[in-house]
Amino acid sequence: MGWLGFQSSSLAKEVLDAPYSDELRLFNPIRIKGKITSNGKGIPNVGVSDGRVISKSNSNGEFELVSGSDKEFVFVILPSGYTIEKQANGSASFFKKIDTRYAEQNFSFELKPLRNSDGNHHFLLLSDTQIQNEYEANQLLTVSIPDVQKTIQNINDPNIFAIGCGDLVYDRLELFKEYNQGIAATGIPFFQVIGNHDMDFKVRSDEGTAKTFKGHFGPTYYSWNRGEVHYIVLDDVFYLGTGSKYIGYIPEEQLAWLEQDLALVEKGKTVVISLHIPTFTGNVKRYPERDVLGGTVSNREHLYRMLEGYQAHILSGHTHFNDNMIMGHVYEHCHGTVCGAWWSGPICYDGTPNGYAIYEARGSELKWTYKGTGLGLDEQFRVYGKGYHPDFPEYHTVNCWNYDPNWEISWYENGIKVGAPQKIMAVDPWSIELHAGPNLPARREWVEPQLNDHMFFFKPNSIDNLVVEAKDRFGNVYSKKI
């Protein structure tokens, strides 16, 4: 018998017993058996996967699948109603490491029932913490994390969890230690997404880029359930094998796995996919001359087709601006970042405050808001007076960073609604002040103000008793007296 796992049993044993080698990567099948239990009783119909195939537990909670020596983990697709266990580093624990030396292995997963129903629950989305040095790690630990802790305390939901949406660090992978210190301090489980700055470069192909990441956090794509919502994490950063070049792309193996995963999810349900590089953003239209291969997912249309029939939300980061894109049956949330404009000041380069998102699931309904670090939840837009924006000196300016077409923005004079400001693609004037020019900002001189689609302009008849009001898609009203 020959190549690709069809060698003789003696050779197979020889290969399985051999130490790991980049030069010797013969494929060998590995039979994995196990049981999913809770309080000693088997749980049926729970998905278990190695990232290639998904097997379901039988009526006794037992499962079996054929994996291979090219796979590193077996993980449970956590069903609703059970605790999300944590590793010591604060990240979610839902996987076991495959020992590729053995052709047969047994894994058991003991699940702990929740005390409270998870039908209604919250989660936080932290994108691009992206720490590169001691100063930035200290900012994360002493400014951002305490803000997250207060938010968790105020929400007071025993079933809350969080998602780290990639670029957890900025190429300095040894700083995963400080990142882990921060998320562990929150006291809630984090599911991690790999970003382009979380990867081992200088390897020969994309397959080798996640070694350090996996050592901390486990697989780079997986899924779980909470209440009526199905959650998925994908790895859409594809390394091109030279320097630090990458594109946004979802490999076939992930798509094939995702097909199996979604086959277990009833049509009509809410599906939330987190990945680092957005599938699409408004920057494609705002900057048509730019290369989009590293800023969007090139094979996104295939992903969208797979999500037909679901209430689909895609959560992303990477860009350091806030963009909400409604694309038929898919809503993409591209988030502002924890680090803002790479820890250079209080805002991203579209004017979005440094911060993170708060999501609430009530049954299958999803609601969301953006939380600026150090700001109250009522801070959902910023108003600049006449003359502040150099490109629109005759206008008052509003930046409503989490805007989508279902928001309503108005201005009032002396208690009477006058009209709606005009939405114009523009840069944020505070970003001009903080970021424009070759010497600003001092910490990241290459940062420049970026066009966005959440700027609004108006000319009031009077500035006496002038109020700007924004109503979000959920009916929440925010107002500022100018």
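- The two residues L78 and T83 have their closest heavy-atom pair at CD2-O, 3.9 Å.
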Could you give me the CA-CA distance, side-chain angles and deciding distance for S80 and D118, then say whether side chain to side chain donor-acceptor pair (under 3.5 Å) is met?
CA-CA 7 Å; S80 300; D118 58 1; 4.5 Å; no
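- Between K459 and E394 there is no salt bridge, since no side-chain nitrogen of the basic residue lies less than 4.0 Å from a carboxylate oxygen of the acidic one.
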Begin from the C-alpha positions of H454 and N399 and carry the test side chain to side chain donor-acceptor pair (under 3.5 Å) through to its verdict.
CA-CA 6 Å; H454 43 74; N399 187 343; 2.7 Å; yes
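- Here the closest heavy-atom approach between residue G351 and residue D428 is recorded as CA-CG, 3.7 Å.
- Looking at E469 and K471, no side-chain N of the basic residue comes within less than 4.0 Å of a carboxylate O on the acidic one, giving no salt bridge.
- Residue E252 holds its CD atom at 9.0 Å from CG of N299, rounded to the nearest 0.5 Å.
- Exactly one of L262, D261, L258 qualifies for a side-chain contact (heavy atoms from CB on, under 4.5 Å) with S223. That residue is D261.
- Checked against H276 for a side chain to side chain donor-acceptor pair (under 3.5 Å), the options D198, N196, D236 give a single hit: N196.
- Heavy atoms only, all atoms of each residue included: V447 and A341 are closest at CG1-CB, 4.0 Å.
- Aromatic pair Y384/H389: centroids not less than 6.0 angstrom apart.
- Judged by the 6.0 Å and 45° rule, R226 forms no cation-pi pair with Y82.
- Between Q192 and S91, the side chains place a donor N or O and an acceptor N or O closer than 3.5 Å (distance only, hydrogens not considered).
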Would you check, one step at a time, whether the test side chain to side chain contact (heavy atoms under 4.5 Å, CB included) holds for L440 with L434?
CA-CA 7 Å; L440 291 175; L434 296 177; over 6 Å; no
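- A side-chain donor-acceptor contact under 3.5 Å links Q311 to the backbone of G268.
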Does the pair W257 and R52 meet the rule for a side chain to side chain contact (heavy atoms under 4.5 Å, CB included), with working shown?
CA-CA 6 Å; W257 172 85; R52 179 164 45 226; over 6 Å; no
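- By the 30° and 60° cut-offs, the orientation of the rings of W342 relative to W446 is perpendicular.
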Which is it for V427 and N452 under the side chain to side chain contact (heavy atoms under 4.5 Å, CB included) test, yes or no, and what are the steps along the way?
CA-CA 6 Å; V427 298; N452 68 72; 5.7 Å; no
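- Counting heavy atoms from C-beta outward, N283 and D323 have side chains that stay 4.5 Å or more apart.
- A donor and an acceptor atom, one from each side chain of T369 and Q380, are located under 3.5 Å apart.
- The aromatic rings of Y403 and F456 sit perpendicular, their planes meeting at an angle over 60°, well past the 30° parallel limit.
- Side-chain N/O atoms of D464 and N414 include no donor and acceptor closer than 3.5 Å.
- Side-chain atoms of Y359 and H333 include a donor-acceptor pair closer than 3.5 Å.
- Enclosure of atom NZ in K267 by more than 12 non-hydrogen atoms of other residues, nucleotides or ligands within 6.0 angstrom is indicated.
- Checked by atom type and distance alone, the side chain of D235 pairs as donor or acceptor with a backbone atom of V237 at under 3.5 Å.
- Ionic pairing of K480 and D378 is not present here: no N-O contact between side-chain nitrogen and carboxylate oxygen is shorter than 4.0 angstrom.
- K269 has no carboxylate O lying under 4.0 Å from a charged side-chain N of E228, or vice versa, which leaves the two without a salt bridge.
- Ring geometry for Y179 versus F176: interplanar angle over 60°, hence perpendicular rather than tilted (30 to 60°).
- At least one side-chain heavy atom of N324 sits less than 4.5 Å from a side-chain heavy atom of Y331.
- Using a 4.5 Å heavy-atom cutoff, the side chains of F213 and K211 are not in contact.
- In this structure, CG on D206 lies 9.0 Å from CD1 on I247, to the nearest 0.5 angstrom.
- No side-chain heavy atom of H313 sits under 4.5 Å from any side-chain heavy atom of I273.
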What do the steps show when you test V169 against Q132 for side chain to side chain contact (heavy atoms under 4.5 Å, CB included), and what is the final call?
CA-CA 6 Å; V169 298; Q132 191 179 35; over 6 Å; no
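- The shortest side-chain heavy-atom distance between V229 and H121 falls under the 4.5 Å cut-off.
- Checked against the 6.0 Å centroid threshold, F474 and W368 count as a close aromatic pair.
- Side-chain N or O atoms of N476 include none that pairs as donor or acceptor with a backbone N or O of D472 at under 3.5 Å.
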Kindly indicate, with the supporting measurements, whether the criterion side chain to side chain donor-acceptor pair (under 3.5 Å) is fulfilled by N159 and N116.
CA-CA 8 Å; N159 295 321; N116 308 93; 5.5 Å; no
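- The aromatic rings of Y231 and W224 sit parallel, their planes meeting at an angle under 30°, below the 60° perpendicular limit.
- Between Y221 and G51, the closest heavy-atom pair is OH-O, 2.7 Å.
- For CZ of R443, the number of neighbouring non-hydrogen atoms (other residues, nucleotides, ligands) closer than 6.0 Å is greater than 12.
- The distance between the ring centers of W401 and F321 does not fall below 6.0 angstrom.
- Y239 has its ring centre no less than 6.0 Å from the ring centre of Y246.
- S316 approaches P278 most closely through the heavy-atom pair OG-CB, 3.3 Å.
- For the residue pair H216/N89, the side-chain donor-acceptor check at 3.5 Å is not satisfied.
- The neighbour count for L240 CG, taken as heavy atoms of other residues, nucleotides or ligands under 6.0 Å away, is above 12.
- A salt bridge does not link K285 to D453: none of the charged nitrogens lies less than 4.0 Å from a carboxylate oxygen.
- For the pair V265/Y310, a side-chain contact is recorded, criterion being any heavy-atom separation below 4.5 Å from C-beta on.
- Aromatic ring orientation, Y222 versus F75: perpendicular (interplanar angle above 60°, classes split at 30° and 60°).
- Sorted by first and then second residue, the salt bridge (charged side-chain N to carboxylate O under 4.0 Å, His left out) pairs with a member in residues 396-405 read D404-R473; sequence neighbours excluded.
- At most 12 non-hydrogen atoms from other residues, nucleotides or ligands lie less than 6.0 angstrom from CD of E134.
- Side-chain contact between D350 and S431: absent, with no pair of heavy atoms (C-beta onward) separated by less than 4.5 Å.
- When each of T373, D128, T151 is tested with Y356 by the rule side chain to side chain donor-acceptor pair (under 3.5 Å), just one qualifies, namely T151.
- Other residues, nucleotides and ligands place more than 12 heavy atoms under 6.0 Å from the NZ atom of K214.
- Side-chain contact between C339 and H320 is present, with at least one heavy-atom pair separated by less than 4.5 Å.
- Closest approach of Y304 and I314 over heavy atoms only: CE2-CD1, 4.0 Å.
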